[in-house]
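Let me begin by presenting the structure, written as structure tokens, before commenting on it.
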Amino acid sequence: MNHELLLGWWDTAARDLPWRRPECTAWGVLVSEIMLQQTPVARVEPIWHEWLARWPVPSAMAAASQGEVLRMWGKLGYPRRALRLHEAATAIARDHGDVVPSDVETLESLPGIGSYTARAVATFAYGQKCAVVDTNVRRVVARAVHGAGDAGPPSTKRDLRDVEAILPEAQDDAAVFSAALMELGALICTAKNQKCADCPLYTECAWQQAGRPAYAGPAKKVQQFAGTDRQVRGKLLDVLRGAPGPVPKIQLDVVWHDVTQREKCLVSLLDDGLLEQTHDGLFALPGEH
DNA sequence: CAAACGTGGTC
DNA sequence: TGACCAAGTTT
């Protein structure tokens with residue numbers, strides 16, 4: 001891997017995202033990483049600004065109610081992420097002096113922080129040298145290194161070893177390298193309509209040299225959405241986000257025709273702590289009654 | 001390891 | 001128009 005090509009490209013092509021700015025705190029980086037899990041940059045950016053303005057440090061967010069956090073999360077999707085981030089903020093404020101931990105192991109012990117996010121925070125917030133593996137990186141490595149059309153099914157240990165093998169020696173370069181690899185996957189080496197003509201790795205890309213063969217691995221599963229519990233849960237929660245306070249059950253009943261599925265989803269939301277029932281039998285966002 | 005978990009944009 | 005995609009984590 002020619003690091004210079006990639007780092008040079010980063011200098012001219014990287015997007016100016018707020019969580020990449022030097023004044024951004026580790027907390028800002030952590031918030032961005034959680035929001036960006038399965039959610040596009042364009043939808044994250046405005047919400048991220050609102051969050052950092054309102055909760056500039058973990059303890060500030062820890063002091064907010066869960067319901068308030070869920071409202072601020074809006075329609076970013078997968079709202080359990082918001083609840084887990086609130087838990088993580090609470091733990092950071094209580095157990096870590098309001099400072100986001102810098103080591104991967106401690107980060108991974110926090111709710112909602114898995115292997116990717118822990119490494120991303122250690123790398124982008126603290127400049128540590130460690131491999132960061134996300135879907136973009138897996139795709140770039142699959143093509144540029146292995147000459148495959150796309151990454152196969154994830155294999156945590158193998159993926160990690162692959163990326164560690166191409167990480168620059170110098171710690172100063174490692175963080176930028178990881179960011180650049182991700183950025184390349186996001187802007188150039190995309191899943192479809194990849195822009196190979198603009199790729200800094202064009203001349204050394206194994207996929208290019210192999211004649212860009214089609215992906216040969218097992219078909220990826222497509223996530224259904226219409227008619228799933230996910231859709232119903234989303235509709236139920238949306239009622240509460242749109243209401244100023246607790247609502248009677250009838251307001252939830254109208255969002256979905258299938259009683260059985262609706263009730264099941266209502267229970268699951270209560271189980272997940274995304275919803276609560278008041279003493280009067282009304283439904284509310286957690287902590288808002 | 002597969003499946004569950006939101007939402008909206010794109011081609 | 002509907003399938004596919006978007007900086008994953010948890011169970």
Side-chain angles (χ1 to χ4, degrees), chain A residues 14-15 17-20 24 28-48 70 73-85 87-88 107-125 131-141 150-160 163 175 178-187 189-194 215 218-241 255-256 261 264-265 268-269 271-275:
Chain A
R15 292 167 291 179
L17 299 172
W19 44 86
R20 287 177 177 166
C24 182
V29 172
L30 173 57
V31 172
S32 79
E33 291 301 341
I34 299 292
M35 288 183 170
L36 287 164
Q37 292 168 4
Q38 303 283 282
T39 305
V41 167
R43 287 169 50 203
V44 164
E45 205 169 344
I47 308 286
W48 182 89
L70 288 171
W73 189 257
K75 306 196 80 165
L76 283 183
Y78 294 136
R80 291 190 292 194
R81 287 182 293 167
L83 243 34
R84 294 193 180 121
L85 181 52
E87 281 183 71
L107 284 162
E108 262 190 280
S109 73
L110 295 169
I113 299 184
S115 173
Y116 162 75
T117 304
R119 290 166 172 277
V121 171
T123 299
F124 303 137
V132 180
V133 184
D134 77 330
T135 185
N136 287 311
V137 170
R138 284 180 6 86
R139 185 174 52 250
V140 172
V141 169
D150 204 347
S155 165
T156 313
K157 303 196 73 170
R158 180 170 51 68
D159 294 341
L160 207 52
V163 177
S178 288
L181 219 45
M182 290 175 63
E183 190 75 343
L184 190 69
L187 300 182
C189 195
T190 46
K192 357 188 61 173
N193 303 323
Q194 51 279 5
Y215 173 63
K220 315 203 165 176
K221 324 215 179 225
V222 293
Q223 282 226 59
Q224 291 304 116
F225 181 64
T228 61
D229 289 356
R230 261 185 2 275
Q231 182 182 25
V232 179
R233 285 164 54 105
K235 284 177 177 293
L236 290 170
L237 209 53
D238 199 37
V239 171
L240 271 298
R241 280 193 301 258
V255 304
W256 196 250
Q261 187 179 22
K264 168 169 169 265
C265 289
S268 75
L269 286 172
D271 279 349
D272 290 346
L274 287 162
L275 230 53

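Below, read A as the first sequence line, B as the second, and so on, with proteins coming before strands; counting in each chain starts at 1. Note that these values count all heavy atoms, side chains included, but never hydrogens, waters or copies made by symmetry.
Residues of residues 32-42 of chain A having a heavy atom closer than 4.0 Å to DNA chain B, listed by number: A:Gln38, A:Thr39.
Nucleic acid contact for A:Leu237: none, since no nucleic acid atom lies under 4.0 Å from a heavy atom of the residue. Using a 4.0 Å heavy-atom distance criterion, A:Arg138 is classed as making no nucleic acid contact. A:Trp19 comes within 4.0 angstrom of a nucleotide base, judged by non-hydrogen atoms across all strands. Among the atoms of the strands shown, none is found under 4.0 Å from any heavy atom of A:Thr228. Across all strands, A:Arg43 comes closer than 4.0 Å to base atoms (heavy-atom distances). If you check every strand for non-hydrogen atoms under 4.0 Å, A:Gly77 touches a base. Residue-level contact check: A:Ala120 touches neither bases nor backbone, having no heavy atom under 4.0 Å from any strand. Contacts of A:Leu274 with the nucleic acid, taken as non-hydrogen atoms under 4.0 Å apart, are absent. Nucleic acid contact class of A:Arg241 (heavy atoms, under 4.0 Å, all strands): sugar-phosphate only. Among the atoms of the strands shown, none is found under 4.0 Å from any heavy atom of A:Lys220. Residue A:Gln231 is classed as having no contact, given no heavy-atom separation below 4.0 Å to the nucleic acid. Residue contacts shown for A:Thr117 are limited to sugar-phosphate atoms, with no base heavy atom under 4.0 Å away.
The side chain of A:Asp134 sits closest to C:dA7 out of C:dA6, C:dC4, C:dA7. The side chain of A:Arg84 lies closest to C:dT10, out of C:dC4, C:dT10, C:dA7.
Using a 4.0 Å cut-off between a side-chain N of Lys or Arg and a carboxylate O of Asp or Glu, A:Glu183 and A:Arg20 qualify as a salt bridge. Between A:Asp238 and A:Lys235 there is no salt bridge, since none of the side-chain N atoms of the basic residue sits less than 4.0 Å from a carboxylate O of the acidic one.
The same atom, P, is picked in C:dT1 and in B:dG6; the two are 28 Å apart, to the nearest Å.
If you walk DNA chain B from 5' to 3' and mark each nucleotide with an atom closer than 4.0 Å to a heavy atom of chain A, the marks span B:dA3 to B:dC11.
Looking at every heavy atom in both residues, A:Ala131 comes nearest to A:Val163 through CB-CG1, 3.7 Å.
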